[in-house]
2 protein chains.
Amino acid sequence: MVRQPSINAQNRAPLSIERITEAALQIVDGQGLGRLTMRRLGDALEVEAMAIYHHLPRGKEQLLDGLVAHVAAAPADTGAADAASWRGVLRSWAGDYRGRLLAHAGVLPLVVTRRNPAALTATVTSLREVMRQGGVREEPAAVAAHTLLGYVIGHAALEVRGTAEDGADRAVDWDARFTVGLDLVLTGAG
Amino acid sequence: MVRQPSINAQNRAPLSIERITEAALQIVDGQGLGRLTMRRLGDALEVEAMAIYHHLPRGKEQLLDGLVAHVAAAPADTGAADAASWRGVLRSWAGDYRGRLLAHAGVLPLVVTRRNPAALTATVTSLREVMRQGGVREEPAAVAAHTLLGYVIGHAALEVRGTAEDGADRAVDWDARFTVGLDLVLTGAG
DNA sequence: ACCTGAACACCGTTCAAGT
DNA sequence: ACCTGAACACCGTTCAAGT
């Protein structure tokens, strides 16, 4: 019986940071952050856990940094903004960004940790740029960018936790609530 | 030589949930969330780690839930609000709440996790009540309560990460930025 | 009732070794 | 260059035992 090349290590798709990060995100989304271990990640990639360290020398820290970058680094479309439309651009960006955060709720605690401080920079910068192109002055734009991003992240955190109302336990319409609060923030901006 | 009662287990202050939670918070604030282990917590309390389980049957989960409750359950003063002052009450609450979150930045990731969904309920309720007493109608008050809490938590998260500006690396005046953004949110509310 | 000690299954990571 | 296997120090938690 000849060697079976299909089960030979040489024939597998080689490991890469992209494949590792994707597999990790799938574990986090499907089973929760607490179940993301190097050994389980290795299993998912059909590789010994220790092989991962060859691609991520800083180990699990680097892996988690990558997850934060993958989820939280999503800039707004700075090309489409002018004086008439910049609020609309930010509104649609905010909707998309909220969607990302909710789709990967397991990484939200990581976004809030000190790790990977560079990950949000591109996002904040793009928000300021959209406003600048809309004619908003530098300083108000910088404030509003942080206010907006802070609101979106904070609101997503509340949604994930599903903060109950007190009185009745009627369900909260999070979509509507997010939109109204967003308008409230955008109205003040600029 | 007689027995030394001072090093006898009988003479130590007995363990309690309060003492355990305080010691845990001190470890998190001083060394970070990652270094909070049951064994280290036991050391800090001069007890074997396993003794903790007698007071917290649900183990570390329950311990972390307690930390979230201790930090994030801080309602606004509902007694002091009327039609003229409710914005001021919320403004000062927000400042205090931000202070709490920054003082215990290590627990912020826990606040954002699914754990302990009840912890923020009292806080949200108090915000709605302040507005209700200020004459704001039910539905706008509910929206504004979530917007405000979302903003404060989200902004604190950005501060802790220290999101850098792009252009220059001039330092951000976080105090001023928080206050201005807060006014922006409160202006829209009601 | 309250705490201890030993034990179990599982982590992240290092390092020498294989191909 | 890329991956493996064994090993180390450290987790959370259980359980029987002590007082």
Side-chain angles (χ1 to χ4, degrees), chain A residues 2-21 23-24 27-28 31-68 106-107 109-110 113-116, chain B residues 2-21 23-24 27-28 31-68 106-107 109-110 113-116:
Chain A
V2 286
R3 254 187 347 120
Q4 301 215 342
S6 62
I7 59 164
N8 187 324
Q10 308 291 350
N11 284 51
R12 288 179 311 198
L15 234 42
S16 69
I17 294 191
E18 289 74 27
R19 282 189 57 220
I20 294 172
T21 305
I27 292 175
V28 172
Q31 311 182 242
L33 185 59
R35 290 186 60 80
L36 175 62
T37 69
M38 298 304 271
R39 283 168 165 90
R40 234 186 304 260
L41 182 56
D43 279 356
L45 292 163
E46 293 179 37
V47 109
E48 292 299 313
M50 295 71 200
I52 298 168
Y53 288 85
H54 204 268
H55 300 263
L56 297 157
R58 266 176 46 240
K60 196 171 187 181
E61 285 285 296
Q62 192 174 354
L63 177 67
L64 298 182
D65 286 356
L67 291 181
V68 171
V107 315
L110 298 178
T113 317
R114 233 166 287 264
R115 86 176 62 259
N116 198 4
Chain B
V2 286
R3 247 174 9 104
Q4 299 215 343
S6 61
I7 58 165
N8 188 323
Q10 308 291 348
N11 283 51
R12 288 180 310 199
L15 234 41
S16 69
I17 295 191
E18 290 74 29
R19 279 190 58 220
I20 294 171
T21 305
I27 292 174
V28 172
Q31 310 182 243
L33 184 59
R35 289 187 61 80
L36 175 63
T37 69
M38 299 303 271
R39 285 168 164 90
R40 237 188 300 261
L41 182 56
D43 279 356
L45 292 162
E46 293 179 38
V47 109
E48 292 298 314
M50 295 68 200
I52 298 169
Y53 288 83
H54 204 266
H55 301 263
L56 298 161
R58 266 177 45 243
K60 196 172 188 182
E61 285 285 296
Q62 191 173 357
L63 177 67
L64 299 181
D65 286 356
L67 291 181
V68 171
V107 315
L110 298 178
T113 317
R114 232 167 286 267
R115 86 173 65 258
N116 198 3

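Here the structure is a predicted model, which is why all the values come from computation and not from measurement. All heavy atoms count here, side chains included; hydrogens, waters and symmetry mates do not.
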Legend entry - Gap between atoms CD1 and C1', on B:I52 and C:dC2 respectively (whole Å): 13 Å
Legend entry - Euclidean distance, atom CD1 of residue B:I20 to atom C1' of C:dC3 [Å, nearest integer]: 12 Å
Inset, instruction - Rounded to the nearest angstrom, tell me the gap between atom CD1 in A:I17 and atom P in D:dC2. - result: 11 Å
Legend entry - Spacing of A:M38 atom CE and A:K60 atom NZ [to the nearest 0.5 Å]: 7.5 Å
Inset, instruction - Quickly work out the B:E48 CD to C:dT4 P distance and round it to whole Å. - result: 5 Å
Inset, instruction - Measure from CG on B:L15 to C1' on C:dT4 and round the result to the nearest Å. - result: 13 Å
Legend entry - Any side-chain heavy-atom pair of B:L67 and B:T21 under 4.5 Å: yes
Legend entry - Nucleotide-level pairing of DNA chain D, given in dot-bracket where Watson-Crick and G-U pairs need both distances under 3.5 Å and | marks other strands: ||.|||||...|||||.||
Legend entry - side-chain contact (heavy atoms from CB on, under 4.5 Å) against B:D65, all qualifying residues, sequence neighbours excluded: B:R58, B:R115, B:N116
Inset, instruction - Please check the phosphate of D:dA1 (OP1 and OP2 only) for any side-chain N or O of A:H55 closer than 4.0 Å. - result: no
Inset, instruction - Heavy atoms under 4.0 Å is the rule here; annotate nucleotides 6-15 of chain C 5' to 3' with B where the base is hit, S where only the sugar-phosphate is, and - elsewhere. - result: BB---BBBB-
Inset, instruction - Indicate yes or no: at least one non-hydrogen side-chain atom of A:H55 is less than 4.5 angstrom from one of A:I20. - result: yes
Legend entry - Listed nucleotide nearest any side-chain atom of B:H54, set C:dT4, D:dT4, C:dA1: C:dA1
Legend entry - For atom CD of A:E46 and atom P of D:dT4, their distance in whole Å: 11 Å
Inset, instruction - Show your reasoning for whether side-chain contact (heavy atoms from CB on, under 4.5 Å) applies to B:I52 and B:L63. - result: CA-CA 10 Å; B:I52 298 169; B:L63 177 67; 5.9 Å; no
